[in-house]
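Inspection log for the structure reproduced underneath, given as structure tokens.
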Amino acid sequence: MAANCTDYEPSRIEPLWQKYWADNNTFVAKDFDSTRPKYFAMAMYPYPSGHGLHVGHSENYTATDLLCRYKRARGFNVMQPMGWDAFGLPTEQTAVETGVHPREVTRRNVATFKRQLDAHGFGIDWTREINTTDPQYVRWTQWIFAQLFKHGLAYVDERPVWWCPALGTVLANEEIVDGKSERGSHPVERRALRQWVLRITAYAEKLLERLEGIDWPESTKAKQRNWIGKSEGAEISFAIEGLDESLTVFTTRPDTLYGATYMVVAPEHPLVAKLTSADKKAEVEAYVKAASTKSDMDRTDLAKGEKTGVFSGSYAVNPINGARIPIWIADYVLMGYGTGAIMAVPAHDERDYEFAVKFEIPIIRVIEKLDAEGHEAPLPFCVYGKLVNSGKHTGLSSAEAKKAIVADLETQGIGRLAINYKLRDWLFSRQRYWGEPFPIVWVSEADFAKASGEVKAFLPEAPITFVQDGQVQYALPVPPSQLPLKLPETDNFQPSGNGESALGRCTEWLNIWFNASTGEALPASEPRPEGAEWVRGRRETNTMPQWAGSCWYHLRYVDPNNDKALIDPKLNDYWGSPDYYIGGPEHSVLHLLYAPFWHLFLHDIGAVTVREPYPRLVHQGMVLGENGEKMSKSRGNVINPDAVIKESGADAMRLYLMFMGPLEDDKPWNTKGIEGITRFLRRLWRDIIDAEGRVSAKYSTDANESKAFRKVLNETIKKVSDDCERGRYNTAVSQMMIFMNALAKEEAVRLASIKDFLKLLAPFAPHIAEELWERLGEKPSIVDAGWPTYNEAEMVEDEVMLGILINGKPRSEVRIARDADEATALALAKADEKAQSFIEGKAVRKVVYVPGKIINLVVG
RNA sequence: GCCCCGGUGGCGGAAUGGCAGACGCAGCGGACUUAAAAUCCGCUGACCGAAAGGUCGUGUGGGUUCGAUCCCCACCCGGGGCACCA
């Protein structure tokens, strides 16, 4: 089995062992193994781009692989799966440019990625490989959508989206950088288009709560809390003079209600027209029109400039004091948050203050807080204090007043406590070809009424509709029995240019006879089948965004081939959620919010048995270029893993990636650094294997090892074990280097000692470990050789060097018995010549003795 | 503006209250070699000093402590995120 080489030649050793692992199914995880605890480790799966694997992938997956191999050595039943996040725009773009079908582009890219991953020596269980574009995977992604649809969590809305004329598609917010498309830097504009939206806001509270119990980086939890943006306050209704309607606002400061001197509604607010008086009509309409052409970004940019607004001509009544206050229309109020209307309290809100000053609206102080000199704080004063000018509530604290005022309003039925979230619903459709088709068929109202059977069973309580050319279109679900709904075959993947994807051109697929009971379908070009349940339908032309597949892939790894269910509950119970999930921090508020949303929903409907999808999350840092900058082709500082493996071997690259620094930190690549690692591996090889390729005579069963060497060996076992537990791989590698330095000095070494060391090395550099393991006479594979134990007794020395500190400063040191008592230590310290020169003529006032470390004499 | 993370030799980093700089890289000196590469051995924070040795030193300034890179307060700098969210 072993490679036929006398020198350390990774290019000969590594492919051999990779083949061995593959041939022996070494890394196929066993379901329901009750003899060992399970360990499910997952790294964020890659998007198989045409550029091949990035060295950042190498880092991420090396950390995962090493943890898996370590856990396996520690007796766990380990599962390390891998898959492909293969839908998406770059593949579609390649298809458009080259005319090669995206399926084929994906197949080629996946083949490259797989080859590259295998060349790293990763112990991936390929029997669990998943691909989000595989129809058998798409089937269950669509199944989940059908469930969301059924439970009222998917709806259609016409909303402004980023439209890129050059790309002929809408783009997601995250695909816009500085007002241009991320790909190609094309201009983008706002367009109102019919979109699918998922009601993630229904899960806002659950998504927030779950953050309490999970082991995630604090920074990511903070980002998510910020993104969800919970704020507690009240909803208050204001009567409108001369109108039957009332205007409801959300406020976090009901305690300032007496100070509300005007109101503002967003330009998109539904009451704008009714509020506008005849004499203001022209002015208001012009303002609303101007606001509608502004994007959110323009509005945000304007935040730095002056506020704008226009008086509607209407007045509202402040419910707490009956004051008549004007209603303004201004775009500093956003329709998407709260109720799209506010009560403005200029004395106690910076924005309202700025607006009131500009438009000369009264400013009334209702909160007071005196400073030490008894002076009132200047306006706007935006924190809590004591109420003034507030009728019967004057004198209350802000906290008391909030309760009292809301309670008052509540008895009149015009106020209540309310909670608001910044989180918006999730825009879930894209106008692209290469994505999951929605399992939705649009039909007329009359045909919608014919829904029965399985189709009806998957309808939400309230129908989902939209209006097209004056006709109301009704959404019917393609039920689970008819899934997957496959993409139509075409050779033109370009968006159709009218806001629809390429699917809009695939007429045979698009226009169908749809069975409103079973969900079966036939092209409309064929004769209408017999039976009243057959209706004319048009399929949804949007596809799902790339995030869809990754919302549940952690579940599919557990049960990748199940064609009866998303996941078998028994397997779900056995493997649970990933014990470890690693990926970049860039997904903090995207994938890492979307996936828990889907997972919590699936748990709520009983489709999965485990509540929390990702109990433990780790972010790896970025591998930067040698110049310390982010790697990019334009900077010319890209490190290609293939080239590194060819030059230095996978083992050296793996070790170096782990040695560079803490996993979570960004750190620059250094070509000289990997040479140092290669030197380490070559020294190890040469120490064990002599020039003829045999085990060096230095090694024997019962060699007489020095105490110092025994100490380093035991320390190394302890340190590497602890560091693997803590994820501090850089210091584990350091310790192995320390061991190597000791090994080189030692004249005779026991075989058992070097074998123990190889077990430690194996998770980091598996190929050389296997090779040496076998050459030392063991049977493959070292993967199942277990983990060494250390002996505390061999690590402690009878005598240690004790630091002598005078007034906290290190001045000398003395050799002393490890467990010497304080009196002995003090006597030795006082007798020390160097120490004496600092003590001379002074009294020792205090002694602090830390056995084995320091003795500190306080003199003076 | 708000939130989060960080700041240690020439470089990557180590040390989470006990002798700062482990380990590696780079650099310097030496051995081997006709020579170079490779390999091996030694030195390598700054300053003063011939040396012994001393002084300073973990972004800055305070504080707690016998003792602080580590804990607390204030500030400076860098990175990331959010930002008219009522």
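All chains are named by letter (A, B, ...) in the order of the sequence lines, taking the proteins before the strands, and each is independently numbered beginning at 1.
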Roughly how many Å apart are [M] and [N], using the [atom1] atom of each and rounding to a whole number?
N      : M      : atom1 : answer
B:rG18 : B:rA68 : C1'   : 10 Å
B:rG67 : B:rG17 : C1'   : 8 Å
B:rC43 : B:rU8  : P     : 27 Å
B:rU16 : B:rG6  : C1'   : 16 Å
B:rG63 : B:rU69 : P     : 15 Å

Just checking [X]: base, sugar-phosphate only, or nothing, at a heavy-atom cut-off of under 4.0 Å?
X      : value
A:D666 : sugar-phosphate
A:N856 : base
A:R682 : sugar-phosphate
A:P662 : sugar-phosphate
A:G229 : nothing
A:D352 : nothing

Margin query: Using heavy-atom distances to pick each residue's nearest nucleotide on RNA chain B, tell me which of A:I342 and A:K667 is more 5'.
Written below: A:K667
Notebook entry, point to check: So which one's nearest nucleotide on RNA chain B is more toward 5', A:M801 or A:P668?
Noted result: A:P668
Item checked: A:M343 versus A:R253, closest heavy-atom pair with distance -> CE-O, 3.7 Å
Note to self: Looking at A:G621, is its backbone amide N or carbonyl O close enough to the side chain of A:D665 to form a donor-acceptor pair, meaning the two atoms are under 3.5 Å apart?
What the structure shows: no
Margin query: Checking the side chain of A:N637 only, and the main-chain atoms of A:K630 only, is there a donor and an acceptor separated by less than 3.5 Å?
Written below: yes
Short side-chain N/O contact from [X] to OP1 or OP2 of [N], under 4.0 Å:
X      : N      : answer
A:N730 : B:rA14 : yes
A:S231 : B:rA86 : yes
A:K809 : B:rC56 : yes
A:N670 : B:rG13 : no
A:R679 : B:rU39 : yes
A:K672 : B:rC25 : no
A:R225 : B:rC82 : no
A:R811 : B:rU55 : yes

Can you tell me the pairing partner of [N] across any strand shown, Watson-Crick or G-U wobble, with both distances under 3.5 angstrom?
N      : answer
B:rC2  : B:rG81
B:rA35 : none
B:rG61 : B:rC73
B:rC56 : B:rG45
B:rC66 : B:rG18
B:rC11 : B:rG24

Next item on the list: May I ask you to test the A:F757-A:M740 pair for a side-chain heavy-atom distance under 4.5 Å?
Entry: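 SC-SC contact between A:F757 and A:M740 ruled out.
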Next item on the list: Not counting sequence neighbours, which residues clear side-chain contact (heavy atoms from CB on, under 4.5 Å) with A:K834? List them please.
Entry: A:S812, A:D832
Item checked: Ring centres under 6.0 angstrom apart (A:F359, A:F311) ->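 No.
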Notebook entry, point to check: Is a side-chain donor-acceptor pair under 3.5 Å present for A:Y287 with A:T308?
Noted result: yes
Note to self: If you only use heavy atoms from C-beta on, which nucleotide in B:rA15, B:rC84, B:rC40 is closest to the side chain of A:R728?
What the structure shows: B:rA15
Next item on the list: Look at the side chain of A:K223 and decide which nucleotide, out of B:rG81, B:rA26, B:rG18, has an atom nearest to it.
Entry: B:rG81
